Amino acid sequence: MSKPESTTPAHFLRQIVQADLDAGKHARIVTRFPPEPNGYLHIGHAKSICLNFGLAGEFGGDCHLRFDDTNPTKEEQEYIDAIKQDVEWLGFEWSGAVRHASDYFEQLHAWAIELIKAGKAYVCELTPEQAREYRGSLTEPGKNSPFRERSVEDNLDQFARMTSGEFADGAKVLRAKIDMAAPNINLRDPIIYRIRHAHHHQTGDTWCVYPSYDFTHGQSDAIEGITHSICTLEFEDHRPLYEWFLDNLPVPCKPRQYEFARLNLNYTVTSKRKLKQLVDEGHVDGWDDPRMSTISAFRRRGYTPAAIREFCERIGVTRSDGVVDMGVLEFCIRDDLDANAPRAMCVLRPLKVVISNYPEGQVENLELPRHPKQDMGVRVLPFSREIYIDRDDFMIDPPKGYKRLEPGGEVRLRGSYVIRADEAITDADGNIVELRCSYDPDTLGKNPEGRKVKGVIHWVPGADSVECEVRLYDRLFKTANPDKGEEGGSFLDNINPESLVVLSGCRAEPSLAQASLDERFQFEREGYFCLDSKDSSAARPVFNRTVTLRDSWGG
Ligand code: ATP
Ligand code: MG
């Protein structure tokens with residue numbers, strides 16, 4: 001019986017698993033991650049993935065990937081492929097083949113017939129409106145359906161005809177016969193099969209009746225020998241039904257369901273329906289738009305799997321709902337990138353600087369460390385007469401305490417010389433188009449004697465720097481709780497109009513021409529960046545800002 005390797009605190013599910021192993025209840029635990037392939041995975045799913053795969057990993061068990069695919073009209077192969085990619089990218093490996101609830105349709109159908117034979121299921125022909133009326137409410141018991149007392153033979157015949165395609169969608173349903181007066185509404189004769197003449201991405205046109213989620217989930221768990229079936233709190237009220245099916249069917253084992261609080265993150269939405277709406281209505285550039293809360297968006301934006309896993313660990317697993325601050329996720333990303341991302345320089349708003357006293361045609365190849373703490377080698381920056389600095393690093397009339405360049409003032413160029421601003425060249429409209437500076441040849445790697453240089457700014461070489469586009473991403477929503485809009489408004493009204501700022505004509509240091517898609521960089525003084533996997537090319541590199549250097553949201 002292995003103990004968790006990590007020193008991380010034992011949240012309640014770790015404790016339960018540990019206790020079950022200690023008590024010999026299971027020799028080996030089996031968990032599962034059961035996404036419905038009706039959209040891309042988001043950060044909430046990452047929490048569930050880290051939990052399910054994490055527990056199996058820590059305790060030497062198995063975790064299955066099972067597509068919960070009982071709703072063919074909303075599901076697609078594209079989503080299946082994306083989900084598999086996301087789980088693998090997060091660093092997890094499922095045990096055995098990818099599984100599907102649809103793999104068990106034959107068995108589930110046979111079990112439905114068993115229930116009918118045992119007098120525990122019946123075909124009901126109430127319309128959806130009537131069914132709602134018969135269901136009762138939280139305070140009122142329901143009423144028995146007039147079809148509840150059909151004979152076993154009649155039910156078997158009706159269900160066979162439902163299955164063979166004789167009836168239209170919604171004409172009849174198969175319901176479990178439990179208790180219309182049960183205080184838990186989920187037990188008031190829930191639907192277990194419905195008619196849906198729809199092509200299924202896995203089973204094709206084999207079926208025109210499909211089992212409900214509740215009739216599928218627990219039985220699939222049982223078929224797979226799942227020991228701990230972990231889901232979010234909204235399924236707590238379904239647990240009695242989950243157990244009713246396991247108690248009333250000849251299943252091979254009885255898994256137990258445990259619930260935990262779902263992850264809610266402020267400044268974003270974590271609902272596949274809303275994320276899909278953002279995509280379908282063109283508010284974002286696809287499911288992997290770097291502003292989305294999907295795993296594929298995080299990947300494109302430059303978040304690392306390790307940082308996402310650390311975030312999921314840090315927020316913990318509890319049974320009380322809450323909202324996690326986006327700043328916590330951003331902190332984890334920064335923390336990882338600060339330690340592991342090589343440094344580079346990129347000028348976002350280039351201003352040409354001519355160093356008048358630097359010899360024409362001379363080039364010095366300056367070597368700068370790629371990381372201040374880790375040994376990642378060096379990068380080479382050719383220094384010559386023409387360079388670029390950022391427009392924002394020069395001001396003609398700066399405020400007090402300005403530490404950058406001003407007329408007659410001095411500044412150090414990172415890893416290079418101290419320069420002095422001699423003259424600003426302006427165009428007809430008074431815009432500064434070029435700066436004339438002079439450098440002090442005695443200041444390479446040391447400070448000028450007896451002079452104080454206020455600041456250090458970043459720069460890139462004039463000739464060899466790489467022209468690129470930079471996309472500055474910010475939070476997609478401008479309010480912490482996007483769902484709480486103005487009176488009558490929707491989350492769409494709270495989209496942050498500055499969530500994407502595109503800068504073209506930026507200039508990156510030459511070493512960045514060799515950047516690969518899986519690298520992230522700290523652009524000094526600007527934040528962390530990576531190449532955009534969709535739009536970047538050698539001819540026109542595009543960098544995404546992964547995260548700023550500091551929390552600018554005051555969190
Ligand atoms: P959504 O609410 O976004 O539509 P869902 O719950 O319908 O999500 P599923 O594909 O059914 O999505 O979810 C797969 C697993 O991920 C389930 O076990 C579910 O409980 C879990 N999960 C979904 N959202 C979250 C979340 N925000 N936090 C933690 N776990 C989640
Ligand atoms: Mg779901």
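Just so you know, ligand 1 is whichever comes first in the structure, and atom 1 is the first atom listed for that ligand. Here the structure is a predicted model, which is why all the values come from computation and not from measurement.
Ligand 1 has a nitrogen or oxygen under 3.5 angstrom from a nitrogen or oxygen of Arg262. Below 3.5 Å of separation, one finds an N or O of Thr232 facing an N or O of ligand 1. Checked by distance only, ligand 1 and His45 come closer than 3.5 Å through their nitrogen or oxygen atoms. At least one N/O-N/O distance between Lys272 and ligand 1 falls below 3.5 Å. For ligand 1, the polar-atom distance check finds no N/O of Pro35 at less than 3.5 Å from any of the ligand's N/O atoms.
A side chain to side chain contact (heavy atoms under 4.5 Å, CB included) with Pro35 is found for one member of Val87, Asp86, Leu41 and no other, namely Leu41.
For atom 31 (C) of ligand 1, the candidate residues are Gly44, Cys50, Gly39; the nearest heavy-atom contact is made by Gly44.
In summary, the side chains of Asn544 and Asp532 do present a donor paired with an acceptor at a separation below 3.5 Å, with no hydrogens or angles considered.
Two rings, from Phe235 and Tyr242, have their centers 6.0 Å or more apart. Separation of the Phe523 and Phe529 ring centroids falls under the 6.0 Å cut-off. Here the two rings, on Phe105 and Tyr210, have centers that are under 6.0 Å apart.
Of all the atoms in ligand 1, the ones that sit under 4.0 Å from a non-hydrogen atom of Ser271 are 3 (O). Every atom of ligand 1 with a heavy atom of Phe260 under 4.0 Å away is listed here by number and element: 29 (C), 30 (N). Near Pro34, the atoms of ligand 1 lying under 4.0 angstrom from a non-hydrogen atom of the residue are 14 (C), 18 (O).
Note on ring orientation: taking the six-membered ring where Trp is involved, the planes of Phe491 and Phe477 are tilted (angle from 30° to 60°).
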From CA spacing to verdict: side chain to side chain contact (heavy atoms under 4.5 Å, CB included), Asn248, Glu114
CA-CA 9 Å; Asn248 286 278; Glu114 302 249 352; over 6 Å; no
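Ligand 1 is never approached by Arg273 to a heavy-atom distance shorter than 4.0 Å.
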